[in-house]
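Naming convention: chains lettered A, B, ... in sequence-line order (proteins, then strands); numbering from 1 in each chain.
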2 protein chains.
Amino acid sequence: MLNHHPRSLDPIFQALADPTRRGMVARLAQGPASVSELAEPFDMSLPAIVQHLQVLETSGLVASEKIGRVRTCRIEPQALLTARDWLESQRAAWEARFDRLDAYLAQLQAKEKKHGRKRKSRA
Amino acid sequence: MLNHHPRSLDPIFQALADPTRRGMVARLAQGPASVSELAEPFDMSLPAIVQHLQVLETSGLVASEKIGRVRTCRIEPQALLTARDWLESQRAAWEARFDRLDAYLAQLQAKEKKHGRKRKSRA
DNA sequence: CTGATACTTAAGCACATGCTTAACCATCAC
DNA sequence: GTGATGGTTAAGCATGTGCTTAAGTATCAG
């Protein structure tokens, strides 16, 4: 059984629930960038950008390292995978139940065609 | 080119950034449920549950219909897919850049050796 | 050294979020 | 009708979020 409710998903989804932070993630998916490079597309003060960056780092989606006076940020793909896998497992669960329902309905119809009386008992 | 920053991702990720709401999504992935059924696993007042449900509905992750006095909720798989696909596209972008970097490094190494054989550096 | 660059820290503020309790409304069973 | 069931609405409150400006630190360029 998969672990469906790890608390670590909280900060990941929280971090992704903001267009500025998603923009940063998308930028970093193309390769590492400095803080100012990350800030450039956004009409926002640098402290605001740094705060977004802290949210991303705390969530584990981004890591960074300071060399000289430049902080270089890179994406942390494992956190991305953690979120994607949770979503995928939910989708898969939904589809499995959909398929079971579908099979059940097909069976119902098949039996009705033949005899119109016999029914499977399982729900 | 895919549209990477639709605003509709905001409420979806926001909705998923809470363990109670993820629990409800996981429950609904197994099949429809009433409000009280959804509330049952959580140590929380019913109005709180209904508020979480509203967040899920506004995000498009869940839909519901009231029949008699019972509101039946079901998952809305398209919203789940929207979120999953964004994550997957970021992961894919990261991997593509990783592969390009890898190829570049391999090429560098080949040139350095002048006559050296090609090597895979990503075992 | 001097000044510019690249952040960093601190404080403050408006608004959003996640609960609560109390009261209310609409079925359904009898 | 009465009462129980399932849900809804309203109000309030503590805490969190997303910015801002102002001021500070550390490095590099000359």
K.L.:
Output the rounded distance in Å from CG (L16(A)) to P (dT17(D)).
P.N.:
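Checked: the CG to P distance equals 14 Å.
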K.L.:
Treat primed atoms plus P, OP1 and OP2 as sugar-phosphate and everything else as base, then score nucleotides 22-30 of chain C 5' to 3': B for base contact with protein heavy atoms under 4.0 Å, S for sugar-phosphate contact only, - for none.
P.N.:
B----BS--
K.L.:
For Q14(A) and dT15(D), what is the distance between atoms CD and P respectively, to the nearest whole Å?
P.N.:
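Taking CD of Q14(A) and P of dT15(D), I get 18 Å after rounding.
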K.L.:
Measuring from the side chain of R21(B) (C-beta onward, heavy atoms only), which nucleotide among dT8(D), dT20(C), dG18(C) has the closest atom?
P.N.:
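For the R21(B) side chain, the nearest candidate turns out to be dG18(C).
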K.L.:
Separation of R71(A) atom CZ from dT27(D) atom C1', in whole Å?
P.N.:
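So the CZ-C1' distance, R71(A) to dT27(D), works out to 14 Å.
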K.L.:
Does S36(A) have a side-chain nitrogen or oxygen under 4.0 Å from the phosphate oxygens OP1 or OP2 of dC7(C)?
P.N.:
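For dC7(C), OP1/OP2 do have a side-chain N/O of S36(A) under 4.0 Å.
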K.L.:
May I ask you to say whether R84(A) pairs ionically with E88(A), meaning some side-chain N is under 4.0 Å from a carboxylate O?
P.N.:
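Here R84(A) does not pair with E88(A) in a salt bridge, since their nearest N and O are not under 4.0 Å apart.
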K.L.:
To the nearest Å, how far apart are L38(B) CG and dG6(D) C1'?
P.N.:
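Atom CG in L38(B) sits about 13 Å away from atom C1' in dG6(D).
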K.L.:
Rounded to whole angstrom units, what separation is found between the CD1 atom of I49(B) and the C1' atom of dT9(D)?
P.N.:
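These atoms are roughly 17 Å apart.
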K.L.:
Is any side-chain heavy atom of L61(A) closer than 4.5 Å to one of E76(A)?
P.N.:
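They are not in side-chain contact.
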K.L.:
What is the distance, rounded to the nearest whole Å, between atom CG of L56(A) and atom P of dG18(D)?
P.N.:
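Checked: the CG to P distance equals 11 Å.
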K.L.:
Is there a donor N/O on one and an acceptor N/O on the other, under 3.5 Å, for the side chain of Q51(B) and the base of dT20(C)?
P.N.:
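Counting by modelled atom types and ignoring angles, a donor-acceptor contact under 3.5 Å is found here.
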K.L.:
Please determine whether a side-chain nitrogen or oxygen atom of S34(A) lies at a distance below 4.0 Å from atom OP1 or OP2 of dC7(C).
P.N.:
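Indeed, a polar side-chain atom of S34(A) lies that close.
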K.L.:
Please report the distance, rounded to the nearest Å, between CG in D18(A) and C1' in dC19(D).
P.N.:
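For the pair D18(A) CG and dC19(D) C1', the rounded distance is 11 Å.
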K.L.:
Please collect all side chain to side chain donor-acceptor pair (under 3.5 Å) contacts where either partner lies in residues 39-56 of chain A, sequence neighbours excluded, each pair once.
P.N.:
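The answer is R21(A)-H52(A).
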K.L.:
Estimate the overall bend of the helix from dC1(C)-dG30(D) to dC30(C)-dG1(D) from the end axes over five pairs each, rounded to 10 degrees.
P.N.:
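Roughly 30° between the end axes, to the nearest 10°.
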K.L.:
Parallel, tilted or perpendicular for F13(A) and F13(B), by the 30°/60° rule?
P.N.:
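Aromatic pair F13(A)/F13(B) classed parallel.
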